[in-house]
Amino acid sequence: MAKSGLGQDPQSTAAATVLKRAVELDSESRYPQALVCYQEGIDLLLQVLKGTKDNTKRCNLREKISKYMDRAENIKEHLEQEKEDGKYHKQIKIEENATGFSYESLFREYLNETVTEVWIEDPYIRHTHQLYNFLRFCEMLIKRPCKVKTIHLLTSLDEGTEQVQQSRGLQEIEESLRSHGVLLEVRYSSSIHDREIRFNNGWMIKIGRGLDYFKKPQSRFSLGYCDFDLRPCHETTVDIFHKKHTKNI
């Protein structure tokens, strides 16, 4: 495992801090987070290298950069193998009232041009705000770089007074998606409890509260009403897995 042993001159302080964190995460086997820190630290070291004139210091910096790059590449290969073996697991804990967790921020790392089919299993796509949540999620899916053609939704049927509204809302979303060349297939289950989202590129995301993890805005004109990165969240946990093959729900 690489060690962060950098000098503490002003130019390398930021790099030393990030790489120290990378080494700590590495030692705790928190490889996805460690890889991010290694990559950020390497970028910072490269900036330090550009501003260094002393040949001895430049040689030392190149040696350190090479070691960190080797470790980062080893971690990357390890994570890729875990994906192939279906063992990859990353967990994100969203704290009470935390912000910065819009659907785009949470899912964009796992969406690319290979995503053409999505499965959503969520029992609570029933009330008005939950239908809007699902609509926002669909809006994200049809943006580039995704090339989504089919969305499968498995949810529960509202048995109260809002059943008509639920059916109409999902029908309108279905019609709107169709105008964008996307097929929405909706199925209902009375025994559904799990919340799960799968992409056909192998990524699977399980959110404790499903898509409904945002708090109600303070008012119609408060920050976070439109931009969900500014919307406070309920406390929940996000578990991310990767499987070589994604099966239908």
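Throughout, numbering of the chain's residues begins at 1 and tracks the sequence.
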So does [Y] get a backbone contact from the side chain of [X], meaning a donor-acceptor N/O pair under 3.5 Å?
X      : Y      : result
Ser27  : Glu24  : yes
Thr116 : Lys147 : no
Ser102 : Phe228 : no
Gln166 : Ser156 : yes
Thr52  : Asp54  : no

State plainly whether the residues [X] and [Y] are in salt-bridge range, i.e. N to O under 4.0 Å.
X      : Y      : result
Arg21  : Glu40  : no
Glu80  : Lys76  : no
Lys215 : Glu96  : yes
Arg198 : Glu196 : yes
Glu172 : Arg168 : no

Review point. Would you say Leu170 and Tyr188 make side-chain contact, with heavy atoms under 4.5 Å?
Key: yes
Check your understanding: Under a 4.5 Å cut-off applied to non-hydrogen side-chain atoms, are Leu106 and Ile207 in contact?
Key -> yes
Point to revise | Reference residue Arg178; test side-chain hydrogen bond (donor to acceptor under 3.5 Å, both in side chains); the match among His180, Glu175, Glu174 | key: Glu174
**Study point:** Step-by-step side chain to side chain donor-acceptor pair (under 3.5 Å) determination, His152 to Glu117
**Key:** CA-CA 8 Å; His152 307 270; Glu117 195 166 9; 2.6 Å; yes
Review point. Given the rule in the side chain to side chain donor-acceptor pair (under 3.5 Å) test, do Thr128 and Gln165 qualify, once you have shown the distances and angles that lead to the verdict?
Key: CA-CA 8 Å; Thr128 300; Gln165 176 181 274; 2.6 Å; yes
Exercise for review: Anything under 30° is parallel, anything over 60° is perpendicular, the rest tilted; go ahead and classify Tyr103 against Phe214.
Suggested key: perpendicular
Exercise for review: Check the angle between the aromatic planes of Tyr68 and Tyr38 and answer parallel, tilted or perpendicular using the 30° and 60° thresholds.
Suggested key: tilted
Verify the cluster assignment for [X] and [Y]: are they in a single hydrophobic cluster under the rule of side-chain heavy atoms below 4.5 Å apart?
X      : Y      : answer
Phe241 : Ile120 : no
Ile92  : Leu79  : yes
Met140 : Leu131 : yes

**Study point:** Between Asp212 and His234, a side-chain donor and acceptor under 3.5 Å
**Key:** no
Exercise for review: Search all heavy atoms of Ile192 against all heavy atoms of Glu121 and return the closest pair with its distance.
Suggested key: CD1-CG, 3.3 Å
Revision key, fill the gap. Correct closest heavy-atom pair for Arg209 and Tyr213 would be NE-CA, 4.0 Å
